[in-house]
Engineer: 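Once you've had a glance at the structure underneath, I'll fire off some questions.
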Amino acid sequence: MPQQTLTQAQIDALKTALTARWNAGLAAAPDDWQKIAKLIQSSSKSNTYEWLSQFPAFREWVGARQHKLLKETAYAVINRKFETTVDVQRTDIEDDNIGQYGTLAESAGQAAIDLKNDLVFQALAAGFTDTCYDGQPFFDEDHPVAPNEDGSGAAVSVSNVQDGAGAPWVLLCTKRAPSALYLQERMAPQFDSITTTTSDNVFNLDVYSFGGRWRGEVAYGFWQCAFGSKAALNEANFNAAFAAMMRFEGDGRRKLGIIPDLLVVGPDNMAAAEQLLKAVQKEGGASNTNYNKVDLLVTPWL
């Protein structure tokens with residue numbers, strides 16, 4: 001006898017199975033973005049980051065408290081919306097040929113984490129041109145630092161970039177509360193579905209649709225926690241970047257105590273980074289004073 005029409009129980013069982021595989025994909029994907037950025041929750045269409053001009057530090061309390069001047073321009077970051085869709089053919093469900101869709105659902109879950117990785121490392125690479133809260137590119141020669149603790153006075157320019165035209169590499173300070181990058185999340189990854197037999201998708205296309213959804217964006221944080229370079233990744237340039245970060249000061253000439261702890265490179269700089277940080281000795285036999293000086297993150301996302 002021919003099989004009867006699909007039941008809602010069969011469709012619901014498929015939904016449960018695919019959701020489980022989606023969640024497995026979420027759990028399995030490597031989340032490199034968490035090594036260089038911090039999560040910040042968003043509760044509206046966009047977030048405004050006025051507080052980024054205030055790198056926290058204590059001072060001796062003499063007289064009234066020092067209230068830092070708010071910048072004239074606010075740094076607003078608008079959330080974006082992303083999706084991925086898996087269509088399950090109705091005929092495949094009827095024929096019990098649905099194994100491949102579990103793989104697709106799990107891959108979609110991994111893709112939700114891949115999206116976060118891609119967005120964060122895209123922002124890091126784009127920092128040589130995209131602006132941050134002070135109106136300058138995130139990696140720039142002219143970040144303004146005020147002479148007074150309240151942010152007033154004629155600012156001097158401070159650089160967190162090296163000239164060059166090669167593959168980018170970035171030195172980060174990740175062990176302080178302030179962060180160079182923030183992943184702004186409005187809605188966590190979720191798995192939705194259209195599984196009613198009366199839906200337009202089923203009637204017109206003969207498919208049941210499942211899909212992932214995420215809302216958010218990446219925001220540039222404190223430029224003082226990062227140093228970007230497109231110069232050759234060698235001992236001299238690395239040491240210059242490391243020293244520059246340690247000399248960073250906040251408004252009022254306050255030492256910030258920045259110590260780099262992570263070098264981020266893409267595939268093009270992998271060999272140079274490993275030679276710089278992982279070799280006990282230099283090529284000539286001398287001791288490598290940069291051996292394990294900072295952690296190394298080699299990522300395909302940069």
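The structure displayed is predicted, hence computed values, not measured ones.
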Engineer: Are the side chains of Asp130 and Phe138 in contact, using a 4.5 Å heavy-atom criterion?
Structural biologist: no

Engineer: Got a second to check how far Cys132's SG is from Asp140's CG, nearest 0.5 Å?
Structural biologist: 8.0 Å

Engineer: How far does CZ of Phe210 sit from CH2 of Trp22, to the nearest 0.5 angstrom?
Structural biologist: 13.0 Å

Engineer: Keeping Tyr220 on the side-chain end and Pro137 on the backbone end, is there a donor-acceptor pair under 3.5 Å?
Structural biologist: no

Engineer: Inspect the surroundings of CD1 in Ile259 and state if more than 12 heavy atoms from other residues, nucleotides or ligands are less than 6.0 Å away.
Structural biologist: no

Engineer: Hey, quick one: are Tyr291 and Leu233 part of the same hydrophobic cluster, counting side-chain heavy atoms closer than 4.5 Å, chains of contacts allowed?
Structural biologist: no

Engineer: Find the distance between CZ (Arg176) and CZ (Phe222) and round it off to the nearest 0.5 Å.
Structural biologist: 10.5 Å

Engineer: Could you state the interatomic distance from CG (Asn288) to CG (Leu277), rounded to the nearest 0.5 Å?
Structural biologist: 7.5 Å

Engineer: Name the orientation class of the two ring planes belonging to Phe139 and Phe128 (parallel below 30°, tilted from 30 to 60°, perpendicular beyond 60°).
Structural biologist: tilted

Engineer: Could you go through the side-chain contact (heavy atoms from CB on, under 4.5 Å) check for Trp301 and Trp33 one step at a time?
Structural biologist: CA-CA 9 Å; Trp301 298 107; Trp33 70 268; over 6 Å; no

Engineer: How far apart are the closest heavy atoms of Asn160 and Ala226, and which atoms are they?
Structural biologist: ND2-O, 3.2 Å

Engineer: Does Asn237 offer a backbone N or O that forms a donor-acceptor pair with the side chain of Asn234 under 3.5 Å?
Structural biologist: yes

Engineer: What about Ile78 and Tyr182, same hydrophobic cluster or not, with Ile/Leu/Val/Met/Phe/Trp/Tyr joined at side-chain heavy-atom distances under 4.5 Å?
Structural biologist: no

Engineer: With hydrophobic residues grouped by side-chain heavy-atom distances under 4.5 Å, do Ile11 and Val207 end up in a single group?
Structural biologist: no

Engineer: Considering residues, nucleotides and ligands other than Asp200, do more than 12 of their heavy atoms fall under 6.0 Å from its CG?
Structural biologist: no

Engineer: Could you check whether Lys282 pairs with Glu235 (Lys NZ or Arg NE/NH1/NH2 to Asp/Glu carboxylate O, under 4.0 Å)?
Structural biologist: yes

Engineer: Taking Gln184 for the side chain and Val77 for the main chain, is one N or O donor matched with an acceptor at less than 3.5 Å?
Structural biologist: yes

Engineer: If we only count heavy atoms from C-beta on, is the Ser42 to Asn47 side-chain gap below 4.5 Å?
Structural biologist: yes

Engineer: Say whether Lys45 and Asn79, considering side chains only, have a donor N or O and an acceptor N or O under 3.5 Å apart.
Structural biologist: no

Engineer: Do any N or O atoms from the side chain of Ser287 and from the backbone of Thr289 form a donor-acceptor pair under 3.5 angstrom?
Structural biologist: no

Engineer: Is the shortest side-chain N to carboxylate O distance from Arg80 to Glu217 below 4.0 Å?
Structural biologist: yes

Engineer: Looking at Phe242, does the NZ or CZ of Lys293 lie under 6.0 angstrom from its six-membered ring centre and within 45 degrees of the ring axis?
Structural biologist: yes

Engineer: Does Leu276 offer a backbone N or O that forms a donor-acceptor pair with the side chain of Asn290 under 3.5 Å?
Structural biologist: no

Engineer: Please collect all side chain to side chain donor-acceptor pair (under 3.5 Å) contacts where either partner lies in residues 106-115, sequence neighbours excluded, each pair once.
Structural biologist: Arg21-Glu106

Engineer: Can the ring centres of Tyr133 and Tyr49 be said to be less than 6.0 Å apart?
Structural biologist: no

Engineer: Flag yes if more than 12 heavy atoms outside Leu205 fall under 6.0 Å of its CG atom; otherwise flag no.
Structural biologist: yes

Engineer: Please name the pair of heavy atoms, one in Pro144 and one in Asp134, separated by the smallest distance, quoted to 0.1 Å.
Structural biologist: CD-OD2, 3.4 Å

Engineer: Does some side-chain heavy atom of Leu263 sit less than 4.5 Å from a side-chain heavy atom of Val170?
Structural biologist: no

Engineer: Just by modelled atom types, is the Thr174 backbone N or O under 3.5 Å from a matching donor or acceptor in the Asp261 side chain?
Structural biologist: yes

Engineer: If the threshold is 4.0 Å, N to carboxylate O, is there a salt bridge linking Lys35 and Asp32?
Structural biologist: yes

Engineer: Measure the spacing between CG of Leu14 and OG1 of Thr19 and express it to the nearest 0.5 Å.
Structural biologist: 9.0 Å

Engineer: Answer whether the closest heavy-atom distance between the side chains of Gln122 and Leu124 falls below 4.5 Å.
Structural biologist: no

Engineer: Are Met187 and Leu183 grouped together when hydrophobic residues (ILVMFWY) are joined by side-chain heavy atoms under 4.5 angstrom apart?
Structural biologist: no

Engineer: Can you name the closest pair of heavy atoms from Met245 and Ile258 and give their distance?
Structural biologist: O-CB, 3.4 Å

Engineer: How far apart are the C-alpha atoms of Gln41 and Arg186, what are their side-chain angles, what is the distance that settles it, and do they pass the side-chain contact (heavy atoms from CB on, under 4.5 Å) test?
Structural biologist: CA-CA 6 Å; Gln41 297 294 341; Arg186 178 66 182 91; over 6 Å; no

Engineer: Would you say that Phe227 contacts Phe248 through its side chain, given a criterion of any heavy-atom pair below 4.5 Å between the two side chains?
Structural biologist: yes

Engineer: Using a strict threshold of under 4.0 Å (side-chain N to carboxylate O), is an ion pair present between Lys278 and Glu274?
Structural biologist: no

Engineer: Nearest 0.5 Å, please: how far is CD in Glu283 from CD in Gln275?
Structural biologist: 5.0 Å

Engineer: Please report the shortest heavy-atom distance between Thr85 and Glu83, naming the atom on each side.
Structural biologist: OG1-OE1, 2.7 Å

Engineer: Spell out, as yes or no, whether a donor-acceptor pair under 3.5 Å connects the side chain of Asn117 to the backbone of Pro30.
Structural biologist: yes

Engineer: Please tell me if the side chains of Leu18 and Phe191 come closer than 4.5 Å, counting only heavy atoms from C-beta onward.
Structural biologist: yes

Engineer: Do Leu302 and Trp169 touch side chain to side chain, with heavy atoms closer than 4.5 Å?
Structural biologist: no

Engineer: Can you name the nearest heavy-atom pair linking Asp163 to Ala231, along with the distance?
Structural biologist: O-CB, 3.2 Å

Engineer: Give a yes or no on whether Lys38 atom NZ has more than 12 heavy-atom contacts from other residues, nucleotides or ligands under 6.0 Å away.
Structural biologist: yes

Engineer: Given the rule in the side-chain contact (heavy atoms from CB on, under 4.5 Å) test, do Tyr75 and Thr48 qualify, once you have shown the distances and angles that lead to the verdict?
Structural biologist: CA-CA 6 Å; Tyr75 177 52; Thr48 301; over 6 Å; no

Engineer: List the atom of Pro267, the atom of Thr299, and the distance in Å for their closest heavy-atom pair.
Structural biologist: CD-O, 3.7 Å

Engineer: Checking side-chain contact (heavy atoms from CB on, under 4.5 Å) for the pair Leu262/Val294: CA distance, chi angles, key distance, verdict?
Structural biologist: CA-CA 5 Å; Leu262 180 66; Val294 298; 5.7 Å; no

Engineer: Is there a donor-acceptor contact under 3.5 Å from the side chain of Asp31 to the main chain of Ile113?
Structural biologist: no

Engineer: Using only atom types and a distance under 3.5 Å, with no angle test, would you say the side chain of Ser152 pairs donor to acceptor with the backbone of Asn148?
Structural biologist: no

Engineer: Side-chain contact test, heavy atoms from C-beta onward, threshold under 4.5 Å: evaluate it for Pro178 versus Gln224 and give yes or no.
Structural biologist: no

